[in-house]
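Notes follow once the structure below has been shown.
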Amino acid sequence: IFRQTAGVKTGGPLYLRLRRAIEDAVTTGLVIPGDALPSERDIAATADVSRVTVRKAVQHLVADGILVQRHGSGTFVAPQVQKVEQSLSSLTSFTEDMARRGMNLTSEWLDRGLYDPSPEETVILGLGSGEKVARIARLRIADGNPLAIERASLAASVLPDPDAIGTSLYAKLDETGHRPVRAIQRIAAVNLGKADAELLDVAAGVASLKIERTSYLASGRIVEFTRSIYRGDAYDFVAELRLPA
Ligand code: 16G
């Protein structure tokens with residue numbers, strides 16, 4: 001790969017050509033996720049460019065989520081995630097979304113339990129005095145790729161035993177007659193902090209999507225307040241727009 005860029009004097013900045021060569025190698029499967037990149041010095045020698053050029057190309061690829069740097073062990077080809085197209089017009093659960101796509105879903109528990117609510121949770125969920133909040137936080141993984149971190153808060157009266165959720169929160173809520181029928185969802189761009197980036201297996205600072213979902217029961221009561229971080233390189237959110245009536 002690196003030799004392709006050596007000795008070529010035309011065609012734009014060297015670091016961009018090196019970057020393109022590495023990106024092409026990933027896209028065409030010449031190198032695969034988990035492969036280690038040679039050292040900066042070796043790449044510089046093979047490609048006949050300076051180490052500064054190599055560093056710049058690598059930095060760009062890390063920021064794009066194509067490579068990942070692990071402290072002390074080097075630079076690797078990052079897991080490549082096939083983009084998920086997600087409709088913004090139906091109120092579905094993660095489990096249902098993945099099942100429809102034939103993807104294999106696993107979740108890693110980050111937290112679950114009953115807690116004293118924060119003032120924000122008390123207000124949003126309309127908690128009675130002394131009522132606890134059920135918090136469940138999960139890393140959601142599809143076909144082995146971490147796609148999202150979801151942190152949900154529900155009234156303890158709705159979810160008295162957060163440990164009893166199987167794989168799907170919505171399936172559990174369905175069982176107990178608390179499945180939401182409507183939700184307001186807010187999406188904003190954020191750059192990943194270090195801890196979340198590590199969980200999602202991408203570089204800190206990579207663009208991602210912060211999603212807040214407030215879900216309602218038919219009675220109008222808010223049943224769920226969830227803050228999620230979705231990988232920006234893994235999702236396309238799609239909405240159908242119509243002329244205003
Ligand atoms: C979706 C929802 C999340 C909900 C979860 C339930 C977004 C951004 N989030 O991922 O609010 O808690 O589904 O999924 O869409 P589950 O039934 O698989 O646990």
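Predicted model, so just to flag it, every value in this text is computed and none were measured. Indexing begins at 1, ligand by ligand and atom by atom, following the structure's order.
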Q: Keeping the roles fixed (side chain from D35, backbone from V77), state whether a donor-acceptor pair exists under 3.5 Å.
A: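 Not at all, since once roles are kept as given, no pair shorter than 3.5 Å links the two residues.
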
Q. Does NZ or CZ of R221 lie under 6.0 Å from the centre of the six-membered ring of Y216, at an angle within 45° of the ring axis?
A.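 Output no; distance or angle outside limits.
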
Would you check whether [X] has a nitrogen or oxygen atom less than 3.5 angstrom from a nitrogen or oxygen atom of ligand 1?
X: Y170; result: yes
X: F94; result: yes
X: L169; result: yes

Mark up the atoms of ligand 1 that fall under 4.0 Å of a heavy atom belonging to [X], in ascending order.
X: Q185; answer: 7 (C), 8 (C), 15 (O)
X: R138; answer: 19 (O)
X: Y230; answer: 7 (C), 8 (C), 9 (N), 10 (O), 15 (O)

Q) Could you give the distance from CZ (F94) to CE (M103), rounded to the nearest 0.5 Å? A)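 Result: 8.0 Å between the selected atoms.
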
Q) Considering only heavy atoms from C-beta outward, does the side chain of I124 approach that of I222 to under 4.5 Å? A)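 They are in contact (side-chain heavy atoms under 4.5 Å apart), so the answer is yes.
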
Checking contacts here: is it the side chain or the backbone of [X] that comes within 4.0 Å of ligand 1, counting heavy atoms only? Could be both or neither.
X: T226; answer: side chain
X: E96; answer: neither
X: A152; answer: neither
X: T167; answer: backbone

(Q) Among E224, R213, R186, which one puts a heavy atom closest to atom 15 (O) of ligand 1? (A)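 Answer by nearest heavy atom: R213.
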
Q) Heavy atom of Q86 under 4.0 Å from ligand 1? A)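 No, Q86 has no heavy atoms under 4.0 Å from ligand 1.
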
Q. Is R140 near ligand 1, meaning one of its heavy atoms is under 4.0 Å from it?
A.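 So R140 counts as touching ligand 1.
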
Q: Assess the side chains of D236 and Q86: does a donor N or O sit below 3.5 Å from an acceptor N or O?
A: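 Checked: D236/Q86 side chains show no N/O donor-acceptor pair below 3.5 Å.
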
Q. Any idea which heavy atoms bring V223 and P180 closest together, and the distance?
A.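 Reported closest heavy-atom pair: CG1-CB, 3.8 Å.
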
Of the protein's non-hydrogen atoms, which lies at the shortest distance from [atom], and what is that distance?
atom: atom 17 (O) of ligand 1; result: S168 OG, 2.6 Å
atom: atom 18 (O) of ligand 1; result: T95 OG1, 2.3 Å
atom: atom 10 (O) of ligand 1; result: E150 OE2, 2.4 Å

Q. Hey, is E175 close enough to K172 for a salt bridge, meaning N to O under 4.0 Å?
A.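 K172 and E175: salt-bridged.
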
Q.
Closer than 4.0 angstrom, basic N to acidic O: yes or no for R19 and D64?
A.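 Here R19 pairs with D64 in a salt bridge, since their nearest N and O are under 4.0 Å apart.
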
Q.
By the definition side chain to side chain donor-acceptor pair (under 3.5 Å), identify the one residue from E150, K210, R140 that meets it with Y230.
A.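 The single option meeting the side chain to side chain donor-acceptor pair (under 3.5 Å) with Y230 is E150.
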
Q | Partner residues of K194 under the side chain to side chain donor-acceptor pair (under 3.5 Å) criterion, sequence neighbours left out | A |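 Testing K194 for side chain to side chain donor-acceptor pair (under 3.5 Å), a comparison that skips the adjacent residues, returns none.
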
